[in-house]
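Notes to accompany the following structure.
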Amino acid sequence: MEQNIDRKALIRAAFAAREYAYTPYSNFKVGAALLAKNGSVYTGCNIECATFTPTNCAERTALFKAVSEGVHEFAAVAVVGAKDGAPDDALVTSPCGVCRQMLYEFGGPDLRVIMAKSENDWREMTLGELLPLGFGPEKVL
């Protein structure tokens with residue numbers, strides 16, 4: 001049974017998280033809000049580094065916050081992104097491949113991924129649709 005998801009609230013939380021993004025190199029700010037199955041919401045923003053490799057995406061920032069607090073099961077994630085100066089509704093931002101894999105680890109193929117331009121304009125897919133044939137814990141346990 002699907003958990004009741006307030007998509008608009010989750011999108012608003014992602015937009016709020018995006019305000020904290022540290023993006024001096026790409027100027028592309030991303031916010032994410034991750035809904036745990038226990039009802040808690042964890043937010044994150046992307047954080048860049050001059051050496052690029054340690055840069056962290058918004059989705060993983062939110063996920064790492066949650067996991068570091070003992071939460072391991074998730075129902076949905078909302079993702080928003082835009083280049084500095086561009087309108088919010090310029091494009092839909094989806095999780096990158098690394099984030100898709102990390103989200104799969106804890107949300108599996110049924111995790112709802114809400115990619116929003118605004119709280120009234122979004123595209124929603126399952127993580128399984130975004131990452132077909134995903135590799136999760138069930139493959140190694």
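Nothing fancy with the numbering, it's 1 onward along the sequence.
Two residues are said to be in side-chain contact when any heavy atoms from C-beta on lie closer than 4.5 Å; C49 and T55 meet this criterion. In this structure the side chain of Y22 never reaches within 4.5 angstrom of the side chain of N46, judged on heavy atoms. Within the 4.5 Å cutoff, the side chain of Y42 has no heavy atoms near those of the L63 side chain. Residues R60 and V98 are in side-chain contact: their nearest non-hydrogen atoms beyond the backbone lie under 4.5 Å apart. Put simply, the side chain of M115 reaches to within 4.5 Å of the side chain of V113, judged on heavy atoms. Put simply, the side chain of V67 reaches to within 4.5 Å of the side chain of F106, judged on heavy atoms. A heavy-atom distance below 4.5 Å is found between the side chains of F135 and Q101. Counting only heavy atoms from C-beta outward, the side chains of Y104 and L111 never approach each other to under 4.5 Å.
When all heavy atoms of A33 and A14 are compared, the pair lying nearest together is CB-N, 3.7 Å. The two atoms that bring T126 and P109 nearest to each other are CB-O, 3.3 Å, heavy atoms only. Heavy atoms only, all atoms of each residue included: A76 and I5 are closest at CB-CD1, 3.8 Å. The heavy-atom pair separating A58 from V30 by the smallest distance is CB-O, 3.5 Å. T23 and F28 make their closest contact through CG2-O, 3.2 Å (heavy atoms, listed as atom of the first residue, atom of the second, distance). Across all non-hydrogen atoms, the minimal contact from K83 to S26 is NZ-O, 2.5 Å.
Both F64 and F74 are members of a single hydrophobic cluster when ILVMFWY side chains are connected at heavy-atom separations under 4.5 Å. At a threshold of 4.5 Å between side-chain heavy atoms, the hydrophobic network of Ile, Leu, Val, Met, Phe, Trp and Tyr places Y20 and I47 in two separate groups. The hydrophobic cluster containing L10 also contains W122, counting ILVMFWY residues as joined when their side-chain heavy atoms lie under 4.5 angstrom apart, directly or transitively.
With hydrogens and angles ignored, the 3.5 Å screen pairs a side-chain donor or acceptor of K65 with a backbone N or O of T43. The closest donor-acceptor contact from the side chain of E73 to the backbone of A36 lies at 3.5 Å or more, if one exists at all. Judged by distance alone, the side chain of T61 and the main-chain N or O of C57 form a donor-acceptor pair under 3.5 Å. Under the 3.5 Å distance criterion, the side-chain polar atoms of R18 are left unmatched by any main-chain donor or acceptor of A32.
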Requested in this report: Step by step, work out the side chain to side chain contact (heavy atoms under 4.5 Å, CB included) result for V77 and L35.
Outcome: CA-CA 6 Å; V77 63; L35 174 64; over 6 Å; no
Report task. Starting from the C-alpha separation in whole Å, work towards a yes-or-no answer on side chain to side chain contact (heavy atoms under 4.5 Å, CB included) for E59 and M102. Result -> CA-CA 9 Å; E59 301 91 328; M102 286 300 302; over 6 Å; no
Requested in this report: Would you please test I11 and I114 for side chain to side chain contact (heavy atoms under 4.5 Å, CB included) and show each step?
Outcome: CA-CA 8 Å; I11 291 166; I114 303 159; 3.8 Å; yes
Query raised in the report: Run the side chain to side chain contact (heavy atoms under 4.5 Å, CB included) check on D6 and N4 step by step: do they pass?
Result: CA-CA 7 Å; D6 184 343; N4 185 23; over 6 Å; no
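Here the straight-line distance linking atom CE of M125 with atom CG of L130 works out to 4.5 Å at 0.5 Å rounding. Here the straight-line distance linking atom NZ of K37 with atom NE2 of H72 works out to 13.5 Å at 0.5 Å rounding. With rounding to the nearest 0.5 angstrom, the CG atom of L131 is 11.5 Å from the SG atom of C99.
Looking only at atom types and distance, the side chain of R123 has no donor-acceptor partner in the side chain of S94 under 3.5 Å away. A donor-acceptor contact under 3.5 angstrom links the side chains of N38 and S40, judged on distance only.
The distance between the ring centers of Y25 and F52 falls below 6.0 angstrom.
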